[in-house]
Amino acid sequence: MKFLHNIFKSKKDNGICAECKAVCCHHIALEIDKPTSKASKDHIRWYLLHEGVEVFIDHSGSWFLKFATKCSKLKGTMCGIYSSRPDICRNYPEKNQSCEYEGEGEYYKSIFKTEEEFTKYMDSKSSKKRKTSPHR
Ligand code: SF4
Ligand code: SF4
């Protein structure tokens, strides 16, 4: 499970949570296996048929399933359980990383918002693989 990290460190000052609309409290992202089998690819197609679901590949090549869902403890743009918030919130962003609002660049290398985008990506990967396979 993770919050989303942008790759580049921002030049902005701290205290930007006040100007942000609590972007990081509006979704969750769970790591999933890289799809290699027909069944796992079909699962991803199924995920993407649902509204509010996206799949992305981060900059280290890990795959994630992202759900757009607001935290029930968010009060306006403030955390309603600040003193007892989960560690994942407390530790975000991790050392040497930027949060998704302050960072520059994107948290993903590739993102799929529809099953068509995902299918196109997988097709392009397999046609590249066919072209680079040695002929006998
Ligand atoms: S940590 Fe970043 S994304 Fe989250 S509320 Fe603060 S500025 Fe916004
Ligand atoms: S517990 Fe607080 S900081 Fe964590 S996601 Fe919910 S509102 Fe945001």
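Sequential numbering from 1 along the given sequence is applied to the chain's residues. Since we're looking at a predicted model, the values are computed, not measured. Order of appearance sets the numbers: ligands from 1, and atoms from 1 within every ligand.
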Participant: Does any part of the side chain of Pro35, heavy atoms only, come nearer than 4.5 Å to the side chain of Val55, both counted from C-beta?
Facilitator: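 The answer is no, as the side chains (C-beta and beyond) never meet within the 4.5 Å cut-off.
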Participant: Would you call the rings of Trp46 and His50 parallel, tilted or perpendicular, where under 30° means parallel and over 60° means perpendicular?
Facilitator: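 Perpendicular, since the angle between the ring planes exceeds 60°.
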Participant: For the residue pair Lys73 / Tyr82, report whether a side-chain donor-acceptor contact shorter than 3.5 Å exists.
Facilitator: no
Participant: Quick one: CZ on Phe56 to OG on Ser110, what's the gap to the nearest 0.5 Å?
Facilitator: 11.5 Å
Participant: Which is closest to atom 3 (S) of ligand 2 in terms of heavy atoms, Gly80, Ser84, Cys89?
Facilitator: Cys89
Participant: Record the part of Pro86 in heavy-atom contact with ligand 2 below 4.0 Å; permitted values are side chain, backbone, both and neither.
Facilitator: side chain
Participant: Could you list which atoms of ligand 2 come closer than 4.0 Å to a heavy atom of Cys71?
Facilitator: 1 (S), 5 (S), 6 (Fe), 7 (S)
Participant: Does Tyr121 have any ring-ring contact (aromatic ring centres under 6.0 Å, His included) partners at least two apart in sequence or in another chain, and if so, which?
Facilitator: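 Result, ring-ring contact (aromatic ring centres under 6.0 Å, His included) vs Tyr121: Phe112.
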Participant: Once salt bridge (charged side-chain N to carboxylate O under 4.0 Å, His left out) is applied, do any residues pair with Asp33, and if so which ones, sequence neighbours excluded?
Facilitator: none
Participant: I'd like to check the side-chain contact (heavy atoms from CB on, under 4.5 Å) partners of Asn91; sequence neighbours left out, ordered by chain and number.
Facilitator: Asp87
Participant: Give me the protein N, O or S atoms that fall under 2.8 Å of atom 6 (Fe) of ligand 1, sorted by chain and residue number.
Facilitator: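 Protein N, O or S atoms closer than 2.8 Å to atom 6 (Fe) of ligand 1: Cys17 SG.
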